[in-house]
Number of protein chains: 2
Amino acid sequence: MESCRSCLYNSALFEGLAEDELDYLAGFTHYLSFRKGETVFLQGEDIRYISFLKSGLLKVFKNAPEQKGQIISIAKPNDCVGLLSVFSNRRYQYSISALEDSVIYYVELSAVHHILRNNGDFGIRLLGRISKAADLIINTTYDIYRKNLRGRIAFILREFADDIYGSDQFELPVSRKEIGELIGMTTENVIRILSEFRRDGLISMQGKSVSILNKALLRTLEKFA
Amino acid sequence: MESCRSCLYNSALFEGLAEDELDYLAGFTHYLSFRKGETVFLQGEDIRYISFLKSGLLKVFKNAPEQKGQIISIAKPNDCVGLLSVFSNRRYQYSISALEDSVIYYVELSAVHHILRNNGDFGIRLLGRISKAADLIINTTYDIYRKNLRGRIAFILREFADDIYGSDQFELPVSRKEIGELIGMTTENVIRILSEFRRDGLISMQGKSVSILNKALLRTLEKFA
DNA sequence: CGCGGCTTTGATGTTCATCAAGTAAAGTGG
DNA sequence: CCACTTTACTTGATGAACATCAAAGCCGCG
C-alpha cells in the first residue's frame with residue numbers, strides 16, 4: 001500500500017532503513033482512524049503492533065480506579081505510542097484515547113522484529129529513541145512535582161503553546177479535570193489558578209480557547225514557582 | 001581476563017550471547033572498586049562504557065543546585081547503571097555515588113555496539129531490558145507522589161526490606177536527608193514519621209538499624225495512605 | 001425537560017514545609 | 001587525644017499551600 005510506504009518513510013522511527021526494508025514493513029502496515037473521545041487501546045491488551053500517530057492528538061493514561069495524576073503524557077503526530085511497553089511487556093501498561101480526531105499507523109511487531117534481527121544499526125537507533133522518550137518522561141515528571149501549582153499550570157500552558165500547537169492561541173484539547181490529572185492537582189485548583197492568570201493578565205480565556213498574553217512572566221513562574 | 005569473562009556470563013544483560021561474543025566483550029571489560037561515599041561518575045561526563053554493578057549499592061541522582069526530590073533510584077547488584085542514558089545521550093544525565101563499598105564492571109561501549117550490529121536478537125533483548133527499567137522508574141515515581149508522607153515512608157521501608165536487603169532487619173544505607181530526597185519530602189518529616197512508626201510499634205529503630213515489626217500494617221499504609 | 005457531567009467560586013480543614021533550637025555523632029586540626 | 005567544627009538527627013511551633021467540601025450556574029444530550 002503506497003500510502004503506508006510513504007508514511008513509514010516520513011516517520012522518524014524508521015529513518016535510515018533501506019528501500020527494500022521499508023517496502024517489507026509497508027506490507028505489514030495498516031492504519032485506523034479514531035474520532036475524538038474514542039479509545040485506541042486499553043491497558044492490559046495484547047501488544048501486536050508498533051503504532052505511531054500520523055495526525056491528531058492522544059492521551060496516554062493509567063486507568064487506575066479513580067486516582068489522581070493518572071495521565072502520563074499527551075502524544076502528538078509522529079510520536080510512537082506505547083513504545084516503552086512494546087519491547088518490555090506482552091501487554092500495554094497504559095491506555096490510549098483520542099483527544100482529537102486521529103489517524104494511527106500500525107506496523108506488525110513481528111515484522112519489526114524481523115528487520116531488527118537483520119539490521120543491528122536499526123536496533124541501535126531504536127534504543128536511542130526509546131531511551132530519549134523515557135528520559136523525557138522521567139525528567140518531566142520530576143520537574144512537574146517540584147513546581148508549585150502556579151508553576152505547573154504555567155508549564156502545561158507553555159507546553160500546549162510551544163510543543164503541541166506551535167502558537168500562543170489554541171483550543172484546550174482537554175477538560176480542566178484532565179489538566180489536573182496530567183499535572184497532579186485538583187480540578188478546582190486548576191480552575192482557580194487559570195482564573196487567577198486571567199485576572200492578572202497573563203492569559204485570556206473563554207471556555208477552552210486560550211491566548212497567552214505574557215509569556216515571559218509565564219516562563220518565570222514556571223521556573224521559580 | 002577470566003574474571004571479567006565469568007562476570008559477563010553471569011550478568012543478565014548479556015545472557016543469550018554466544019561464547020565467542022562473550023569472549024570478545026571480555027576483552028573490552030574492566031572493573032573498578034569504590035569506597036562508600038565515593039563518586040562513580042558525574043552528570044555531564046562522557047559515556048564510554050556500559051557499566052553494571054557487581055556488588056555493593058549505588059545512588060543515582062541529579063546534582064541540581066540544591067533542589068528536592070533529586071535522587072532517582074538506588075541501584076543494586078546486577079543493575080546496569082546509567083543504562084537509560086547510554087543509547088540516547090553522549091553524556092550522563094545522572095550522577096552516581098557509592099552507598100556501600102562497590103565493584104563496578106565496565107564494558108566499552110564501542111564493543112557493545114559492535115556486537116549489536118551483528119546480533120539483532122541481542123538488540124531486542126536490550127530493548128526489553130531498557131524499557132522495563134524505564135517503566136519501573138516511571139511507575140514508581142508516579143506511585144510515590146500519589147502517596148502521602150506516611151505512605152512514602154512505608155514504601156521505602158518495604159523497598160529496603162524486600163527488594164534490597166531481602167530481610168526485615170537491615171542497616172539503612174542512607175541518611176534521613178537522603179531518604180527525603182528519594183521520596184520527595186523534608187528531612188524533618190522523614191524523622192517525624194519514622195519516630196511515629198516507632199512509637200506505634202510498626203518498626204524498631206536505633207540510628208541506622210531498622211527492624212520491621214508489623215509489615216502487614218506497613219503494607220496497608222503504603223496502599224491507603 | 002431533566003439529568004449528569006463540566007465549570008466556577010467560596011469556606012473550611014488538613015497536610016506538609018519552614019523556622020527555630022537543641023542534642024548527638026562524626027570528622028578535623030593542633 | 002582532645003578541643004573544635006561541622007554534619008546528622010530530633011522535637012516543637014507556626015504558617016502556607018493545597019485538598020476537600022459545599023453550592024450554584026452552565027451545557028449538552030437523551
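We name chains A, B, ... by the order of the sequence lines, and we start the count at 1 in each one. Fair warning: this is a prediction, and the values are worked out from it, not measured in the lab.
- At the heavy-atom level, Ser175(B) lies under 4.0 Å from the strands shown only through sugar-phosphate atoms.
- In this structure, the side chains of Ile164(A) and Phe170(A) stay at 4.5 Å or more apart for every pair of heavy atoms.
- Side-chain contact between Tyr94(B) and Val81(B) is absent, with no heavy atoms from C-beta onward closer than 4.5 Å.
- Helix bend of the helix from dC1(C)-dG30(D) to dG30(C)-dC1(D): the angle between its two end axes, each built from five pairs, comes to 40° after rounding to 10°.
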- Task: Mind running salt bridge (Lys or Arg N to Asp or Glu O under 4.0 Å) on Lys62(A) and Asp143(B) for me, showing each step along the way?
- Result: CA-CA 11 Å; Lys62(A) 291 262 173 192; Asp143(B) 274 1; over 6 Å; no

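- Phosphate proximity of dC16(C) to Asn189(B): absent, as no side-chain N or O sits under 4.0 Å from OP1 or OP2.
- Using a 4.0 Å cut-off on heavy atoms, the residues of residues 190-208 of chain A that approach DNA chain C are Ile191(A), Arg192(A), Ser195(A), Lys208(A), listed by number.
- The shortest distance between side-chain heavy atoms of Leu84(B) and Ile138(A) falls below 4.5 Å.
- With sequence neighbours excluded, the residues that form a side chain to side chain donor-acceptor pair (under 3.5 Å) with Tyr165(A) are Glu100(A).
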- B/S/- contact track for nucleotides 25-30 of chain D, protein heavy atom under 4.0 Å: ------

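- Atom pair Met185(B):CE and dA17(C):C1' shows a separation of 11 Å (rounding to whole Å applied).
- Residue Ile153(B) contributes atom CD1, which lies 11 Å from atom P of dC16(C) at whole-angstrom precision.
- Although no hydrogens or angles enter the test, the distance criterion places a donor-acceptor pair under 3.5 Å between the side chain of Asn148(B) and the main chain of Arg150(B).
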Please table the atom pairs, donor to acceptor, closer than 3.5 Å between any side-chain atom in residues 45-61 of chain A and protein atoms at least two apart or in another chain.
residue: Glu45(A); atom: OE2; partner: Leu42(A); partner atom: N; Å: 3.4
residue: Asp46(A); atom: OD1; partner: Arg90(A); partner atom: NH2; Å: 3.2
residue: Lys59(A); atom: NZ; partner: Glu178(A); partner atom: OE2; Å: 2.6

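- If you take CD of Glu181(A) and P of dG5(C), they are 14 Å apart, rounded to a whole angstrom.
- Within a 6.0 Å radius of CD in Gln169(B), no more than 12 heavy atoms belonging to other residues, nucleotides or ligands are found.
- Between Lys132(A) and Asp135(A), no side-chain nitrogen of the basic residue sits less than 4.0 Å from a carboxylate oxygen of the acidic one, so the salt-bridge criterion is not met.
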Distances under 3.5 Å between nitrogen or oxygen atoms of protein and nucleotides 14-17 of chain D:
none

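- In the set dA17(C), dT8(C), dC16(C), the nucleotide with an atom closest to the side chain of Arg176(A) is dT8(C).
- When the options Val190(A), Ile74(A), Ile144(A) are evaluated for a side-chain contact (heavy atoms from CB on, under 4.5 Å) with Leu182(A), the one that passes is Ile74(A).
- At distances below 3.5 Å, at least one donor-acceptor pair connects side-chain atoms of Arg198(A) with backbone N or O atoms of Met205(A).
- Judged purely by atom type and a 3.5 angstrom limit, Lys147(B) uses its side chain to pair as donor or acceptor with the backbone of Glu222(B).
- When the nucleotides dA22(D), dC18(D), dC6(C) are ranked by their closest atom to the side chain of Glu188(A), dA22(D) comes out on top.
- Rounded to a whole Å, the CZ atom of Arg146(B) is 15 Å from the P atom of dA19(D).
- The 12-atom threshold is exceeded at NZ of Lys208(A), counting heavy atoms of other residues, nucleotides or ligands nearer than 6.0 Å.
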